[in-house]
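Residues take their numbers from the sequence shown, with the count starting at 1. As the structure is a computational prediction, the values presented were derived from the model and not from experiment.
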Amino acid sequence: SYVDRKYNEHLDSLRGSERVQRTCDLLGETMAILEHQIRSQSPDLDENEVRLRVAEILYLWDEGAQRLIRIAREHG
């Protein structure tokens, strides 16, 4: 679509550091949305558990990351 083409043209015009910053910004926004959803569903969770649940979602298909998250949860 026209909008997709224009968006891709804009991304193509960015310097490498600007692309990295854009990626970091999007990840931060995604994490904030996930944190909000998790806290809305389970308001009594502590900060550590919220972070672990965000990580579980972000790395849902990464078995190694999931294993590390389980270890982190066990060792609190």
Taking side chain as C-beta onward, heavy atoms only, is L14 less than 4.5 Å from L11? yes
Carboxylate-amine/guanidinium contact K6 E9, below 4.0 Å: yes
State plainly whether the residues R73 and E49 are in salt-bridge range, i.e. N to O under 4.0 Å. yes
Identify the two heavy atoms, one from Q66 and one from Y59, that lie closest to each other, and give their separation to 0.1 Å. NE2-O, 2.9 Å
A quick test of your reading: do over 12 heavy atoms of other residues, nucleotides or ligands sit less than 6.0 Å from CZ of R19? yes
Are E35 and R39 close enough for a salt bridge, meaning some N to O gap below 4.0 Å? yes
Do the side-chain N and O atoms of D25 and Q21 include a donor-acceptor pair separated by under 3.5 angstrom? yes
Using modelled atom types only, decide if a donor and an acceptor are shared between the side chain of E18 and the backbone of R15 within a distance under 3.5 Å. yes
Locate the shortest heavy-atom distance separating V50 from I38; write the atom from each residue and the value. O-CD1, 4.2 Å
Heavy-atom closest contact (G64 atom, D62 atom, distance): N-OD1, 3.1 Å
Looking only at atom types and distance, does a side-chain atom of E56 sit under 3.5 Å from a main-chain N or O of I69, one as donor and one as acceptor? no
Check R53 against S42 and note the closest heavy-atom contact, atom names and distance. NH1-OG, 3.7 Å
